[in-house]
Asks: 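Quick one: the structure is below, and I'll ask about it shortly.
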Amino acid sequence: MTLASALTALVNQAVDTAGFAGQAVPPVVPTNNPEHGDYQSNVALRLGRSLDEKIEAAGRIVASLPANDLIESCEVVKPGFINFRLSPVGMARTLEAAANSATNGVPQHGGTLVIDFSSPNIAKRFHVGHLRSTVIGDAIHRIYEACGWRVVADNHLGDWGTQFGKLIVAWNEWRDELAYEEDPIHEVQRLYQHFNQVADDEDAVIKAQCDEDALKEDVVAEMTRVAKELRLFPTWSDRAREETAKLQRGDPANIALWEKFVDASMREFDAIYARMGVEFDETLGESAYRNELQDLVDEWVAAGVAEESQGAIVIPFTKADGKGLSAPLLVRKRDGSALYGTTDLATIKHRMLSWAPDRIVYVVDSRQQGHFRQVFAAAKKLGYDRLSNGGEREPVHFEHAWFGTLRFADGAIASTRAGATANLVDVLDQAVGRARAVVEQKSDHLPEDEKAAIAEIVGVGTVKYFDLRQNPQSDITFDWDESLALNGNTAVYLMYAHARCRSILRNAERDVPVSGIVVSHALERELVLALNRLREVVWESAETYRPNLVADQLYTIASVLARFWNDCRVLGSDEEGSRLALVRATADSMRFGLGLLGIDAPERM
RNA sequence: GCGCGAUUAGCUCAGCUGGAUAGAGCGCUGGCCUCCGGAGCCAGAGGUCACAGGUUCGAAUCCUGUAUCGCGUACCA
């Protein structure tokens, strides 16, 4: 039970006994200014029209509050705010209960969540661009589990698309076997980029030749006409499509190449996931569904949901299907091959039947909003949102938890030259290197292996926190110095707060349980409230898919703690027992909260 | 053209089912270690919350319009 929920329950009762039964009661929230007390309820503002009525309603609610030892005092202010000041015993007791509970005092909600995140494309290096989905998705995974949900984390690899056709063409055309031996994924990526370059150049030539008016009529026909005229037929893109189709038909040579490319990428991905502490319950890439795709599309056609259009098969939409669905969802190309919309639908079917989830969440960047809108609408038309192994069920809730683009501050970094340095491995290495330098400077006395371990935790944590502390939906700018900074609002600040607590607990030389906390000093009060608030914020963070809410609260705790050290002596003070317990609760909370973000916290640093 | 999103301090960003005097980091100015860890703390300067209307006790937050920017717009993912 958090303070907010306990207070909300009290207000609910009071609202009923005051004669407002049946009214919607907004939850009690923290005040934004300590002068107004610790928490406030704004119910009364909705219970009257005039100022007098609101004040009067507030007064009646206050008078109707059940007896309790949580509220020390409360007052009705201006337009009808009800401000609560909490009793020291009440808040201390609440914190102790939270700290000693198996769930860390986080309110528990039931449910099953399937979360689709990271999902890198095979044949591309793991780039900083993949950082966001991976880190945000992993945090959401952990946060939901903390709320008592069963979570299925699925890495939906991009391992079955047209990029393989491109790669196969490029491999057959331009491969450098020696380079592949040395660094497989590097060579694969080179081939992929080279192909795109050549195909783009060709496209540009064709477009330049096209008749604008004809283009509007029928793009494909016009492009084909020009390509033929230029004797480019088949174009590089045509050849890639052909190889893709062959692969999807099970051509042994292409399958063998495909396996080769997938294997090279997976080795790199696995290493990165291990280093970042990211785990999945499933790694079912697009290819996992390859054998069902053709039958599924036929089924959708038979059901009347999908239909032929311009030689392809699409799922069309009407206004009744929702807004922003101007184009149909393409599920089979003219040449018979499948697209990612097809695999996405097959994936939904599989997830519904395997896990019976309440929610399916996709942590994918904002540019795919249109795509997911289509996929979700198509899934509903197909009845996939209610699919079950037997019996009725509520429709699953689909969510595209999109995130903004990561950009580079410095144009030079985003350039080809520096493109290589934006590999995630390089970013992590750079971060760990910088952390190592600081460890050498500040904690040279520690043993070598511990210094290395600390640098790794700090470096990886810094990169993760840089992303997680920002609102996922904002576009974020990656700047080496700012993103890898080790002071200010960074992972280090949080880790340091934890390490200092641990240091004091070590110096105490005894086991310190979280009990006997007496809140007297103003900073003790602030700290206890901040620690309680962490529990309140977790579900809000889960519901809105915003790990930055947790990050924010951790920062608040750490900054209160930094002031606490100045004013409140722990060891040897009259309040030693209580303060040690508080320090213990803080250390545990920081470790717990950082854990929600997938960030480790060293004992000392 | 249509759709989605954004616009808050010099810079990078919080603040989101409407709440009280709009916050943080970086940078800048000035202070603070005889004391459990200074990877820190305190104070200060810095704002027309893009603009114009609207809704109401109350708007950075909701609605409408405008401007600017970004992204998307069927045979890539």
Side-chain angles (χ1 to χ4, degrees), chain A residues 26 29 31-33 35-36 40 42 45 48-51 54 77-81 83 119 121 158 160-163 165-166 196 219-220 237 240-241 244 286 309-314 316 323-335 337 339-341 343 364-371 373-374 402 404-405 407 409 435 438-439 441-443 458 469-471 473-477 479 481-483 485-490 492-493 495-497 499-500 502-504 506-508 544 546 548-549 551-552 555-556 559 562-563 565-573 579 583 604-605:
Chain A
V29 294
T31 60
N32 63 1
N33 183 340
E35 286 173 22
H36 301 139
Q40 68 183 76
N42 302 329
L45 294 164
R49 301 199 117 239
S50 69
L51 189 67
K54 289 171 186 179
V77 189
K78 289 178 212 165
F81 298 125
N83 295 337
S119 309
N121 283 328
W160 197 241
T162 308
Q163 79 262 32
K166 297 179 181 179
N196 282 329
V219 182
V220 178
S237 298
R241 272 191 287 272
T244 305
E286 297 173 343
S309 169
Q310 298 177 25
I313 306 289
V314 303
K323 286 184 185 172
L325 293 165
S326 47
L329 177 68
L330 197 60
V331 291
R332 182 186 286 164
K333 295 192 266 188
R334 294 179 173 193
D335 63 15
S337 50
L339 298 96
Y340 79 138
T343 46
V364 181
D365 82 273
S366 63
R367 286 171 304 195
Q368 295 197 35
Q369 284 182 90
H371 170 69
R373 199 185 287 256
Q374 289 180 318
W402 58 269
T405 314
R407 306 170 188 285
V438 179
V439 176
Q441 179 200 329
K442 306 268 183 186
S443 307
V458 169
R469 63 170 235 258
Q470 314 201 44
N471 185 325
Q473 298 197 337
S474 301
D475 288 347
I476 66 175
T477 308
D479 173 272
D481 287 332
E482 205 169 306
S483 307
L486 299 174
N487 49 38
N489 183 357
T490 64
V492 172
Y493 187 77
M495 291 179 188
Y496 184 69
R500 255 191 100 168
R502 297 304 310 173
S503 172
I504 287 180
R506 274 196 306 275
N507 291 339
T544 57
R546 285 186 303 172
N548 67 308
L549 298 182
D552 264 6
Y555 180 74
T556 300
S559 76
R563 285 182 286 133
W565 300 135
N566 285 344
D567 287 19
C568 301
R569 175 80 200 183
V570 177
L571 296 177
S573 70
R579 286 182 177 169
V583 167
R604 47 185 186 173
M605 56 193 287

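Letters A, B, ... are given to chains in the order of the sequence lines, protein chains preceding strands, and every chain is numbered from 1. Heavy-atom basis, side chains included; hydrogens, waters and symmetry copies ignored. Here the structure is a predicted model, which means the values were calculated and not measured.
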Asks: Check every strand shown and say whether A/D481 touches a base, only sugar-phosphate, or nothing at a heavy-atom separation below 4.0 Å.
Replies: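 No contact at all - A/D481 keeps every heavy atom at 4.0 Å or more from the nucleic acid.
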Asks: If you look at every strand shown and take non-hydrogen atoms under 4.0 Å, does A/M605 touch a base, only sugar-phosphate, or nothing?
Replies: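 Answer is base: heavy atoms of A/M605 come under 4.0 Å of a base.
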Asks: Rounded to whole Å, how long is the line connecting atom CG of A/N489 with atom P of B/G23?
Replies: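 To the nearest whole Å, that distance equals 17 Å.
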Asks: Give a yes/no on whether any side-chain N or O of A/R241 is located under 4.0 angstrom from OP1 or OP2 of B/C76.
Replies: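 Affirmative; the distance criterion is met.
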Asks: Could you tell me how far B/A24 sits from B/U8 if I compare only their C1' atoms? Round to whole Å.
Replies: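 Per the computed distance, 13 Å lies between those C1' atoms.
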Asks: Take atom CD of A/Q470 and atom P of B/G25, then tell me their distance rounded to the nearest Å.
Replies: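 Atom-to-atom, A/Q470 to B/G25, this comes out as 15 Å.
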Asks: I want to verify a distance call: between B/G37, B/C36, B/A14, whose nearest atom is closest to the A/V570 side chain?
Replies: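 Among B/G37, B/C36, B/A14, the one nearest the side chain of A/V570 is B/C36.
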Asks: Counting only side-chain heavy atoms from C-beta out, which of B/C16, B/G25, B/G37 sits nearest to A/I504?
Replies: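 Of the candidates, B/G37 comes closest.
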Asks: Round to the nearest Å and state the distance from A/N83 atom CG to B/G19 atom C1'.
Replies: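 Between C1' of B/G19 and CG of A/N83: 11 Å.
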Asks: Please name all residues satisfying side chain to side chain contact (heavy atoms under 4.5 Å, CB included) with A/V364, sequence neighbours left out, ordered by chain then number.
Replies: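 Checked A/V364 against side chain to side chain contact (heavy atoms under 4.5 Å, CB included); matches are A/Y362, A/Q368, A/F372, A/H400.
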Asks: Which whole number of Å gives the distance between the P atom of B/C16 and that of B/U61?
Replies: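 Their P atoms lie roughly 12 Å apart.
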Asks: Check this one for me: any side-chain N or O of A/N507 less than 4.0 Å away from OP1 or OP2 of B/G37?
Replies: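 Yes, such a contact exists.
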Asks: To the nearest Å, how far apart are A/Q40 CD and B/G18 P?
Replies: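 Spelled out: CD on A/Q40 to P on B/G18 is 14 Å.
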Asks: With sequence neighbours excluded, tell me which residues meet salt bridge (Lys or Arg N to Asp or Glu O under 4.0 Å) with A/D365.
Replies: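 In terms of salt bridge (Lys or Arg N to Asp or Glu O under 4.0 Å), with neighbours along the sequence ignored, A/D365 is linked to A/R367.
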Asks: For A/Q441, answer base if it contacts any base atom (sugar-phosphate contacts may also be present), sugar-phosphate if it contacts only those atoms, and nothing otherwise; contact means non-hydrogen atoms under 4.0 Å.
Replies: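 Here A/Q441 touches no strand at all.
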Asks: Just jot down the side-chain hydrogen bond (donor to acceptor under 3.5 Å, both in side chains) partners of A/Q369, sequence neighbours excluded, or say none.
Replies: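 Testing A/Q369 for side-chain hydrogen bond (donor to acceptor under 3.5 Å, both in side chains), a comparison that skips the adjacent residues, returns A/W402.
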Asks: So, do A/T544 and A/L549 sit near enough that their side-chain heavy atoms are less than 4.5 Å apart?
Replies: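 They are in contact (side-chain heavy atoms under 4.5 Å apart), so the answer is yes.
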Asks: For B/A74, does the base pair up with any side-chain atom of A/S309 as donor and acceptor (N or O, under 3.5 Å, distance only)?
Replies: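 Such a pair exists between side chain and base.
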Asks: Pull out every protein N or O sitting under 3.5 Å from an N or O of nucleotides 40-45 of chain B, one pair per line with the distance.
Replies:
from, atom 1, to, atom 2, distance (Å)
B/C41, OP1, A/Y493, OH, 2.7
B/C41, O2', A/N566, ND2, 2.7

Asks: With Watson-Crick and G-U wobble geometry limited to distances under 3.5 Å, how should the secondary structure of RNA chain B be encoded in dot-bracket form, using | for bases paired to another strand and [ ] for crossing pairs?
Replies: (((((((..((((.....[...)))).(((((.......))))).....(((((..]....))))))))))))....
Asks: Listed by chain and number, what are the side-chain hydrogen bond (donor to acceptor under 3.5 Å, both in side chains) partners of A/S119, not counting sequence neighbours?
Replies: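 Here the qualifying residues are A/D116.
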Asks: Using the P atom on both, measure B/G44 against B/U34 and round to a whole Å.
Replies: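 One P to the other, the span is 24 Å.
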Asks: Roughly how far apart, to the nearest Å, are B/C11 and B/U48 at atom P?
Replies: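 My reading of the P atoms in B/C11 and B/U48 gives 12 Å.
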Asks: Rounding to the closest angstrom, what is the interatomic distance between B/U68 and B/C26 at atom C1'?
Replies: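 Each nucleotide's C1' atom is 27 Å from the other's.
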Asks: What contact category does A/L51 fall into here, base, sugar-phosphate, or nothing, at under 4.0 angstrom with non-hydrogen atoms?
Replies: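 Nothing: the residue A/L51, judged by heavy atoms under 4.0 Å, touches no strand.
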Asks: With the side chain of A/Q310 defined as its heavy atoms from C-beta on, choose the nearest nucleotide among B/G15, B/A77, B/A74.
Replies: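 Of B/G15, B/A77, B/A74, B/A74 is nearest to the side chain of A/Q310.
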Asks: Do A/R334 and A/Q310 touch side chain to side chain, with heavy atoms closer than 4.5 Å?
Replies: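 Answer yes - side chains close enough.
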Asks: Measure from the side-chain N and O atoms of A/S483 to the backbone N and O of A/D479, and report whether any donor-acceptor pair falls under 3.5 Å.
Replies: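 Yes; judged by distance alone, with no hydrogens or angles, the pair exists.
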Asks: Looking only at the side chain of A/H36 (C-beta and beyond, no hydrogens), which of the listed nucleotides B/A74, B/C76, B/A20 gets closest?
Replies: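 It is B/A20.
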Asks: Quick one: ring-ring contact (aromatic ring centres under 6.0 Å, His included) partners of A/Y340, sequence neighbours excluded?
Replies: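 A/H371.
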Asks: Measuring only the C1' atom in each nucleotide, how far is B/G27 from B/A67? A whole number of Å is fine.
Replies: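 Nearest-Å result for B/G27 against B/A67 at atom C1': 31 Å.
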Asks: Measure from the side chain of A/S474, starting at C-beta and using heavy atoms only, and say which of B/A14, B/A20, B/A39 lies closest.
Replies: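 The listed nucleotide nearest to A/S474's side chain is B/A14.
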Asks: Could you pull out the closest heavy-atom pair between A/T343 and A/E286, with the gap in Å?
Replies: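 That would be CG2-O, 3.7 Å.
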Asks: Taking only the side-chain nitrogens and oxygens of A/N42, find out if one of them lies under 4.0 Å from OP1 or OP2 of B/G19.
Replies: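 Looking at the OP1 and OP2 atoms of B/G19, neither is under 4.0 Å from any side-chain N or O of A/N42.
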Asks: Measure from the side-chain N and O atoms of A/T31 to the backbone N and O of A/N33, and report whether any donor-acceptor pair falls under 3.5 Å.
Replies: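 Yes, because the side chain of A/T31 sits within donor-acceptor range (under 3.5 Å) of the backbone of A/N33.
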Asks: Students often get this wrong, so: under 4.0 angstrom with heavy atoms, is A/L325 touching a base, only sugar-phosphate, or nothing?
Replies: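 Touches nothing.
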Asks: So, using side-chain hydrogen bond (donor to acceptor under 3.5 Å, both in side chains) as the criterion, who are the partners of A/R332 when residues are at least two apart?
Replies: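 Applying side-chain hydrogen bond (donor to acceptor under 3.5 Å, both in side chains) to A/R332 gives A/Q294, A/D298.
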Asks: Just wondering, do A/F81 and A/H36 contact through their side chains at under 4.5 Å, heavy atoms?
Replies: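 Of all side-chain heavy-atom pairs linking A/F81 with A/H36, none is under 4.5 Å.
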Asks: Hey, is the side chain of A/N471 poking within less than 4.0 Å of OP1 or OP2 on B/C13, counting only N and O atoms?
Replies: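 So the side chain of A/N471 is outside the cut-off, no N or O lying under 4.0 Å from OP1 or OP2 of B/C13.
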Asks: Can you tell me whether the base of B/C33 sits syn or anti, using the 90° cut around 0 to define syn?
Replies: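 Base orientation relative to the sugar is syn.
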Asks: Suppose we screen for salt bridge (Lys or Arg N to Asp or Glu O under 4.0 Å). Which residues come up paired with A/D481, at least two apart in sequence or across chains?
Replies: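 Testing A/D481 for salt bridge (Lys or Arg N to Asp or Glu O under 4.0 Å), a comparison that skips the adjacent residues, returns A/R434.
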Asks: Distance between the P atoms of B/C42 and B/G38, in whole angstroms?
Replies: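 Approximately 14 Å lies between the P atom of B/C42 and that of B/G38.
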Asks: Go nucleotide by nucleotide along RNA chain B from the 5' end; which of A/D552 and A/L571 gets its closest nucleotide reached first?
Replies: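 Comparing both residues, the 5'-ward one is A/D552.
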Asks: Taking the P atom of each, how far is B/G58 from B/U12, in whole Å?
Replies: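 My reading of the P atoms in B/G58 and B/U12 gives 35 Å.
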Asks: To the nearest angstrom, how far is A/D475 atom CG from B/C71 atom P?
Replies: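 In whole Å, B/C71 P lies 9 Å from A/D475 CG.
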Asks: To the nearest angstrom, how far is A/E482 atom CD from B/A24 atom P?
Replies: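 Checked: the CD to P distance equals 17 Å.
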Asks: Check whether A/Q374 reaches the backbone of A/P328 with its side chain - one donor and one acceptor, N or O, closer than 3.5 Å.
Replies: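 Looks like yes, one N/O pair under 3.5 Å.
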Asks: If the condition is salt bridge (Lys or Arg N to Asp or Glu O under 4.0 Å), which residues does A/R502 pass it with, not counting sequence neighbours?
Replies: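 With sequence neighbours excluded, A/R502 shows a salt bridge (Lys or Arg N to Asp or Glu O under 4.0 Å) to A/E603, given in chain and number order.
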Asks: Establish, with yes or no, whether the OP1 or OP2 oxygen of B/G38 is under 4.0 angstrom from a side-chain nitrogen or oxygen of A/K442.
Replies: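 No.
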Asks: Base, sugar-phosphate alone, or nothing: which one does A/E35 contact when heavy atoms must sit under 4.0 Å apart?
Replies: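 Base contact.
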Asks: Can you check nucleotides 4-9 of chain B for protein contacts, nitrogen or oxygen pairs under 3.5 Å, and list what you find?
Replies:
from, atom 1, to, atom 2, distance (Å)
B/C4, O2', A/Q369, OE1, 3.0
B/C4, O2', A/Q369, NE2, 3.0

Asks: Return the set of residues passing side chain to side chain contact (heavy atoms under 4.5 Å, CB included) with A/N566 (not counting sequence neighbours), or none when no residue passes.
Replies: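 If we apply the side chain to side chain contact (heavy atoms under 4.5 Å, CB included) test to A/N566, skipping adjacent residues, there are no hits.
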Asks: Give a yes/no on whether any side-chain N or O of A/R546 is located under 4.0 angstrom from OP1 or OP2 of B/G15.
Replies: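 Yes, such a contact exists.
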Asks: Nearest whole Å is fine: how far is B/G18 P from A/K54 NZ?
Replies: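 Distance, rounded to whole Å: 14 Å.
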Asks: Could you tell me the separation between the CG atom of A/N32 and the P atom of B/A22, rounded to a whole number of Å?
Replies: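 So the two atoms are 10 Å apart, to the nearest Å.
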Asks: Return no unless some side-chain N or O of A/T162 is found under 4.0 Å from OP1 or OP2 of B/C75.
Replies: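 A/T162 to B/C75 OP1/OP2: no side-chain N or O under 4.0 Å.
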Asks: So, OP1 or OP2 of B/C13: does either fall under 4.0 Å of a side-chain N or O from A/T477?
Replies: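 True: A/T477 side-chain N/O within range (under 4.0 Å) of B/C13 OP1/OP2.
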